[in-house]
Amino acid sequence: MIQFNLLPSVKLDYVRARRNKRMTLLVAFLVAGSALAILIILFIAVQLVQKKYSTDLSKDIKTESSKLEGTQDLNKILTIQNQLNSLPGLHDKKPVASRLLTFIKQITPAKVSISKVLVTYTDQTIVLTGSADTIGTVNTYVDTIKFTSYKSDDNKEGSAFSAVVLSSFGKDEKGIKYEISLKFDPIIFSNSSGITLVVPPGKITTRSETEKPDALFQPLSGSRGEGQ
């Protein structure tokens, strides 16, 4: 069967325009409806769900706060907790006092004995008291301390001791008594790295590493007779 389109072109354009208008309106209504639905959902979420969550959270906070306030000696517990948290930092700052004996053995001549060592880590000072065979040995001891340096595991270097002074000396039946005061660089007792003392070569004959400290530490005799 043969069909003929008897509508004029103007009529066809009109029909197409109405069809497009209806399609546009339909799409606009669908978009507007979707936006309205999303807005309603968001409103419900904010006004109901979020409000309920906030209310429940506030109740939980009040409940836990009441439990904490009811804890016996809460302030003491918190104080102890703060002290425990500070322990690692305090440990890092604590001097490694166990190095002292090794350092003294390294810098002390074989003919020098020590009767007393007074160390003040807060002031970085050491006072050595003891005896030696001659005043020359004591002077060598002082010079050795002055020129001893250190080297750390991270390749830091410097003078280990400073302000080295022969505070007093005198003679008794054992030889020469002495008192030497000095300051030390705090890094040599630091926890942060290992330290090696570098004693000036040829300055002194030090004790063997295997020798017991009994030969190094000796009491002074009862006689005084000091001089400056």
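Because the structure is a prediction, the values reported are computed rather than measured.
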Residues Phe184, Ile126; criterion side-chain contact (heavy atoms from CB on, under 4.5 Å); working and verdict = CA-CA 7 Å; Phe184 61 86; Ile126 299 177; 3.6 Å; yes
Beyond-backbone contact of [X] with [Y], side-chain heavy atoms, under 4.5 angstrom:
X	Y	answer
Ile195	Lys151	no
Leu100	Val119	yes
Glu179	Val127	yes
Phe147	Val199	no
Phe189	Phe103	yes
Tyr178	Ile135	no
Tyr141	Leu128	yes
Val142	Ile180	yes

May I ask you to check whether [X] and [Y] show a side-chain donor-acceptor distance below 3.5 Å?
X	Y	result
Ser113	Ser131	yes
Ser149	Ser159	no
Thr122	Thr120	no

Going from [atom1] on [X] to [atom2] on [Y], what distance comes out if it is rounded to the nearest 0.5 angstrom?
X	Y	atom1	atom2	value
Asp154	Ser192	CG	OG	6.5 Å
Lys177	Ser115	NZ	OG	9.5 Å
Gln106	Thr144	CD	OG1	12.5 Å
Lys105	Ile107	NZ	CD1	13.0 Å
Ser162	Ile145	OG	CD1	11.5 Å
Ile176	Lys111	CD1	NZ	13.5 Å

Please check if the side chain of Arg99 supplies one atom and the backbone of Ser190 the other of a donor-acceptor pair under 3.5 Å.
-> yes
Report yes or no: does Lys183 contribute a side-chain atom to a donor-acceptor pair with the main-chain N or O of Asp123 at less than 3.5 Å?
-> yes
Please tabulate, one pair per line, all N/O donor-acceptor pairs under 3.5 Å involving side-chain atoms of residues 17-37, not counting sequence neighbours.
| residue | atom | partner | partner atom | Å |
| --- | --- | --- | --- | --- |
| Asn20 | ND2 | Arg16 | O | 3.3 |
| Thr24 | OG1 | Asn20 | O | 2.8 |
| Ser34 | OG | Leu30 | O | 2.9 |

Is [Y] reachable from [X] through a run of hydrophobic residues whose side-chain heavy atoms are each under 4.5 Å from the next?
X	Y	value
Tyr121	Ile104	yes
Val117	Leu182	yes
Val164	Leu118	no

Contacts of type side chain to side chain contact (heavy atoms under 4.5 Å, CB included), residue Ala160, not counting sequence neighbours | Thr148, Tyr150, Ile188, Leu197
Thr134: side chain to side chain contact (heavy atoms under 4.5 Å, CB included) partners, not counting sequence neighbours | Thr137
Using the side-chain contact (heavy atoms from CB on, under 4.5 Å) rule, take Asn139 and Leu166 through it: C-alpha gap first, then chi angles, then the decisive distance, then the call.
-> CA-CA 8 Å; Asn139 288 332; Leu166 179 58; 4.2 Å; yes
